[in-house]
Amino acid sequence: MSDIINLLPDVIANQIAAGEVIQRPASAVKEMMENAIDAGATSIQLIVKDAGKALVQVIDNGKGMSPTDARMCFERHATSKIKTIDDLFAIRTMGFRGEALASIAAVAQVELRTRRQQDELGTHLRIEGSEVIEQEACQCQPGTSICLKNLFFNVPARRNFLKSNPVEMKHIIEEFQRIALSYPQIFFSLHHNDHELFHLKAGNLRQRIVAMLGNQYNEKLVPVEEQVDFMRIYGFIGKPDSAKRTRGEQYFFVNNRFVKNAYLNHAVFTNYEDLIPVGCFPLFVLFIEIDPARIDINVHPTKQEIKFDDEKSVYGFIRVSVRHALGKYSVTPTLDFEQEQSLNYIQAKGDHSVVFPSQGNESPAWITRQLGDHAEAKPRQYSGHDSFATGPSNRNNLKNWTQLYDIAIERDGKSMTISSDFSRNEQLGEMAAPERSERVPVQVHSRYILSSIRSGFILIDQQAAHERILYERFLKAFNNKPQASQQLLFPQHISCSASDAEVLREIMPEIHLLGFDIQEFGNNDFVVHGMPADILSGNEQEIVERLLQNYHDNLSVLKLDKRDNLARSMAQQAAIKNGQALQIKEMETLIDELFACEQPYIAPNGKLTFSTFDLAELEKRFIPKTI
């Protein structure tokens, strides 16, 4: 019997390696830019067309390559970074395996121009599918220009796997930002379809963060700087008011290499538990310098996962360093009764009174000093479609009153009661709790709506039902029935990240049909002139950010066309949320609109909107158990 084990040809081996190293255009961007950094470049330009599907080009002013090196760099395991096994434990360069360029050349059409400073002529090299098409001398600037065209041209299945242009461009921008943040002393620029997205001058880390994320972050950065014998941490964290409901502004670098590590992220997040709302994520850009012998970076093809020899010590050091920075710059939770916004509406007279009874009829002295003897509060009444559930100032007000309640109990050991004229007025009391007829809906735990039907009763998920209603309404808006837009009295300026700005430009015509009136203002800034009538204005920045995040999440999980995705995203954004109290009229309207939908049974995400319970099922629950 003949032998059956064969050595794979280089072409096949390179394509196999490309499947691990080059997963999408952003992967090629990462590898090519890291090579430019290792070449000692002080200026790096990234040029992209069609989100990297048509073109990815990196131009640097590094040390360049000789004609022999230009040919050898596309061979597998050919590298200038390491020579012996001991070098693996002292790696400080971005690359070291020698697989990236070989993998890129296996699945793309590559054109290379490179020249060393001391050479009169450079080298021009063309490769397609690992096959060298042309190599000749040429005239070019010192440094290297590598151009990648038609990625995955010879692997159609992988090319079809690529996402839409906005999604792929978002990944490219993320990789670009990570590299640009880790080397603020280098000039970077990014052009997409002849439009310059970034022009980052060389400077310090604070300047680079502000240039990338926006000028509004300049006053929200808290420096971190700590050092022990085996490790140093430095960088910036964001003040609590800079936290967002979307991820993306959390960066950890180990020896200038971006890493993903949920364990290290948790070390930072724990310091913000009492400072930011649940579901928000703080900004941080932190660098760890550590002996390369204490880490292992050769654990993943993308080199974005590393192992520490003592991860618990690193975790503790990060946690203490961040806590020290927050304390040093007085970024700590406070409850100042003279400045809290939640008490700004306390007036001398009002329709509702706030009473803090203790033993007898006297209030604790510390409350009396802050509120006065006759202070009364006039809280706002919220309807089901109000912004109470989403407005940050209202959430802070509720949180502050809750803290006030807890502190009152802690200091005096007495209960606190908030009473109002509603509880003493019979007429208002009747309005608040009417005598229910059989068909009056009831809200259960501010989440479900219970309504009786002939055969029993129906239980409706208010959020899922409203998402279905809005989803169908927004789909109709795309079919020559644009949504009404509520013009703002004062146009609002919003700033987006580069990736979000790119997506927003892509979907601008469609969101105008949904009632948004947004105009581009330059760079990554926009001006909001109007909002959809279904969404209360007041926090346009957060509304747009969450819309874009929902849109991106849907693209990542589901293959939806642009309009269907936007309709789903808008429905998620504008729908009433679980925990939001509704009036009887609002519940009745919700029920009527739900059953007027073409598909009332399920929400856009596939969740059931309601369940029915018949009387027979209820009677079974009350049958006495036999003894």
Side-chain angles (χ1 to χ4, degrees), residues 351-353 378-391 394-395 397-398 401 417-474 476 484 532-536 571-623:
D351 296 333
H352 310 280
S353 62
K378 187 176 182 179
R380 176 183 173 192
Q381 297 298 311
Y382 298 96
S383 65
H385 293 280
D386 210 328
S387 60
F388 176 66
T390 57
N394 292 321
R395 286 197 302 269
N397 291 343
L398 179 60
W401 280 108
T417 304
I418 299 179
S419 62
S420 71
D421 291 341
F422 282 106
S423 61
R424 298 186 294 272
N425 189 306
E426 292 183 1
Q427 183 179 0
L428 293 177
E430 291 174 359
M431 292 174 60
E435 183 178 354
R436 299 190 185 95
S437 66
E438 196 177 35
R439 294 188 178 276
V440 173
V442 179
Q443 192 176 25
V444 182
H445 293 297
S446 297
R447 180 170 182 175
Y448 301 102
I449 299 173
L450 186 149
S451 180
S452 61
I453 55 178
R454 283 185 182 178
S455 61
F457 68 89
I458 186 172
L459 197 62
I460 300 173
D461 186 318
Q462 65 184 37
Q463 181 172 340
H466 200 205
E467 285 185 11
R468 164 52 61 178
I469 295 168
L470 294 177
Y471 172 69
E472 294 195 5
R473 184 183 302 171
F474 295 142
K476 292 178 182 178
D534 289 320
I535 299 180
L536 291 179
Q572 289 175 284
Q573 170 67 19
I576 57 176
K577 302 299 186 289
N578 291 329
Q580 189 168 344
L582 301 179
Q583 303 294 332
I584 293 176
K585 184 62 177 176
E586 292 170 331
M587 289 187 282
E588 291 175 343
T589 302
L590 186 69
I591 295 173
D592 293 340
E593 292 185 352
L594 174 64
F595 290 101
C597 293
E598 297 179 1
Q599 178 58 272
Y601 306 103
I602 58 173
N605 59 7
K607 185 179 180 180
L608 290 176
T609 57
F610 66 89
S611 294
T612 57
F613 300 84
D614 57 31
L615 292 176
E617 181 181 352
L618 294 176
E619 290 175 357
K620 290 180 181 179
R621 293 180 175 271
F622 292 94
I623 296 176

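Remember, predicted model here, so these are calculated numbers, not experimental data.
In this structure, the side chain of Glu467 does not engage the main chain of Thr609 through any donor-acceptor pair within 3.5 Å. Judged by distance alone, with hydrogens and angles left aside, the side-chain atoms of Gln443 form no donor-acceptor pair with the main-chain N or O of Tyr448 at under 3.5 Å. No donor-acceptor pair under 3.5 Å is formed between the side chain of Glu588 and the backbone N or O of Pro441. In terms of modelled atom types and a separation under 3.5 Å, the side chain of Gln462 and the main chain of Gln580 share a donor-acceptor contact.
Separation of atoms CZ (Phe474) and CD (Gln573) is listed at 9.5 Å; rounding is to 0.5 Å. Here CG of Leu590 is found 13.5 Å from CZ of Arg468. Values are rounded to the nearest 0.5 Å. With rounding to the nearest 0.5 Å, the separation of OG in Ser446 from CG in Leu582 is 8.0 Å. Going from atom NE2 of His466 over to atom OG1 of Thr589 covers 10.0 Å, rounded to the nearest 0.5 Å.
Salt-bridge annotation for Lys476 and Glu472: absent, with no side-chain N of the basic residue lying under 4.0 Å from a carboxylate O of the acidic one.
Not counting sequence neighbours, the partners of Leu618 by the side-chain contact (heavy atoms from CB on, under 4.5 Å) test are Phe457, Leu615.
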Atom pairs and distances, donor-acceptor, side-chain atoms in residues 591-608, under 3.5 Å, two or more places apart:
unit_1 : atom_1 : unit_2 : atom_2 : d
Glu593 : OE1    : Arg473 : NH2    : 3.3
Asn605 : OD1    : Lys607 : N      : 3.1
Lys607 : NZ     : Asp461 : OD2    : 2.9

